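Structure first, commentary second.
No experiment lies behind these values; they were computed from the predicted model shown.
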Amino acid sequence: MGAAGTGGTGGSSGFGGQGGDGAAGGAGGTGGIIAPKEQEVLLVGGFMSEIYTELSLHLEDELNTALRNKARTLNVHIDLPLNQSIDIAIGDAIANALPRISLPLEPGGFISFHTQEAYFDLTREPGFPGERIDYQNLSEASSAFNSGESVTHNAAAIVEFLRSSEKQVVIVSHSKGGLDTLEALLQAPDLWGDTVVGWVALQAPFHGTPVADPSPSNLNALLLSAVGGNGQSLDDLKSGTRASYMASNAARIEELTGSIPVISAYSTYEASGTVSGFVNSFASSIINSALISQITQIVINNYWDTPLDIPGVISRSTASAVSLIRQRISNALSAAIATLGLMDLTNAYMNSVVGVPNDGLVPRDSTELAGAIHRELSLGDHASPVMDVDPLKNFWTQDHRNTVTLGLIDEVRELAAVGGE
């Protein structure tokens, strides 16, 4: 028999192979080989879908209120013979008859990682001319994970999932999902480098966000009520809570980021206007002088047809006026809404009140994590890296979103491989 061979070389700790000791020598001079684990991407979303949906409904409310308020000012003055006149206040009738505007949300809009998942699915198709990317979305893979739950609750769900995994994992988290992921990894250092080989944290409020801090402002009341879940999930995002957490876990965080590559990415932008200014301008562009002249002529014509039937004049004129307004809204809404960023409201709040660069929900400096690579993304709001917000303004295209995500995943893979050599 041949002499026993030397041990096989352990695989690197990168995305393509598991780090480890060489295998024991096999018989006949052949060294043993540890088969590399399969790999996948784990997507961990935040709770921003709920906030974005709520903000969308808030914008709808603002638009409808502005249009109705503008309509209520309509009053038609008709000069009669013998220096007589009559005023027909048709505004209330028109305002009450206006149908509610609903934003035409696209399929998949407001859903975190929707475009990335669609692309990852495409890579699995036969004949795809590129790398196959396996993935799981924790929201679907774990019944315990809940975007509205606390950091502690979701961290336990993440650890449970990772311990059951037989694959190497690159985690890609968004927003509060980054806080959930950080706590999970700090709880389970045995997973570093073996199961979890890298982590991309998109727009994570590691140091909290002013939007979640207690305040009497109507803005904060709106956002906090929109999130849902339990109260602790909100407390976990407050600046004071996070400052204490980051300080008490500073050493362990540096140990984590020294063991696996971590990229913390952020984006910033500045709103060009305000939501209130937009809705008022939009209402004025719909119910403008030209439309008022048309409605006035309609009322005058109906009055001379039945001068003794004022309720009938108002009824018939209202129907015609509402038809005109609906047509104008249909023609103008999509183009107008596409100029408005959904996070303009919160972006303006943080720019003016707090005075820090931000993506509309998370300050740039809040995404800093000791030992991690701090990566600036292209201009965009808090939604840009993970979701479409049609028909509102999208700073990023779907292709750009996928390209950025893949680039960050590849960077983490390369760093993990280098670190394991």
Side-chain angles (χ1 to χ4, degrees), residues 37-53 110-114 116-117 120 134-206 208-209 212 226-238 241-242 245-246 248-249 252-253 256-257 259-260 262-264 361-362 367 369 372 385-387 405 409 412:
K37 286 185 177 181
E38 295 181 4
Q39 307 106 25
E40 70 179 5
V41 173
L42 178 64
L43 304 173
V44 183
F47 52 51
M48 295 312 156
S49 291
E50 287 89 339
I51 282 186
Y52 274 70
T53 300
F110 298 81
I111 300 176
S112 293
F113 298 116
H114 178 78
Q116 286 97 329
E117 289 189 49
F120 294 165
D134 290 325
Y135 75 95
Q136 292 198 66
N137 189 319
L138 192 64
S139 295
E140 300 171 357
S142 169
S143 60
F145 183 81
N146 184 329
S147 65
E149 272 289 355
S150 68
V151 167
T152 299
H153 175 96
N154 283 340
I158 294 172
V159 171
E160 179 183 22
F161 173 87
L162 292 174
R163 290 203 187 285
S164 67
S165 176
E166 296 181 355
K167 299 181 178 182
Q168 286 186 325
V169 175
V170 166
I171 298 175
V172 179
S173 64
H174 179 242
S175 196
K176 180 180 170 289
L179 309 190
D180 301 335
T181 300
L182 176 61
E183 175 61 16
L185 293 177
L186 293 183
Q187 288 180 12
D190 57 297
L191 298 174
W192 304 351
D194 181 19
T195 298
V196 180
V197 297
W199 173 26
V200 175
L202 301 171
Q203 300 165 306
F206 291 122
T209 171
V227 175
N230 60 39
Q232 187 60 49
S233 66
L234 306 180
D235 290 339
D236 288 341
L237 291 167
K238 295 177 180 177
T241 302
R242 294 306 302 174
Y245 179 93
M246 298 300 285
S248 62
N249 289 285
R252 296 170 63 209
I253 290 171
L256 166 66
T257 55
S259 300
I260 62 170
V262 179
I263 298 175
S264 180
L361 285 179
V362 175
T367 63
L369 190 68
V386 294
M387 67 177 72
T405 304
I409 290 172
V412 162

Taking all non-hydrogen atoms of both residues, which atom of [X] and which atom of [Y] are closest, and how far apart?
{"X": "Leu179", "Y": "Arg242", "value": "CD2-NH2, 3.6 Å"}
{"X": "Ile263", "Y": "Val412", "value": "CD1-CG2, 3.6 Å"}
{"X": "Met387", "Y": "Ile111", "value": "CB-O, 3.6 Å"}
{"X": "Phe206", "Y": "Ala201", "value": "CZ-CB, 3.9 Å"}
{"X": "Ser173", "Y": "Thr181", "value": "CB-OG1, 3.8 Å"}
{"X": "Phe161", "Y": "Ala141", "value": "CE1-CB, 3.8 Å"}

Say you draw a straight line from [atom1] of [X] to [atom2] of [Y]; how long is it, rounded to the nearest 0.5 Å?
{"X": "Ser150", "Y": "Asp180", "atom1": "OG", "atom2": "CG", "result": "8.0 Å"}
{"X": "Lys176", "Y": "Glu149", "atom1": "NZ", "atom2": "CD", "result": "8.0 Å"}
{"X": "Ile409", "Y": "Gln116", "atom1": "CD1", "atom2": "CD", "result": "8.0 Å"}

Partners of Arg252 by salt bridge (charged side-chain N to carboxylate O under 4.0 Å, His left out), sequence neighbours excluded? none

Within the side chain of Trp192, is there an N or O that forms a donor-acceptor pair under 3.5 Å with the backbone of Leu185? yes

Are any side-chain N or O atoms of Thr241 and backbone N or O atoms of Asp236, one a donor and one an acceptor, separated by less than 3.5 Å? no

Quick one: are Phe113 and Val41 in side-chain contact, heavy atoms under 4.5 Å? no

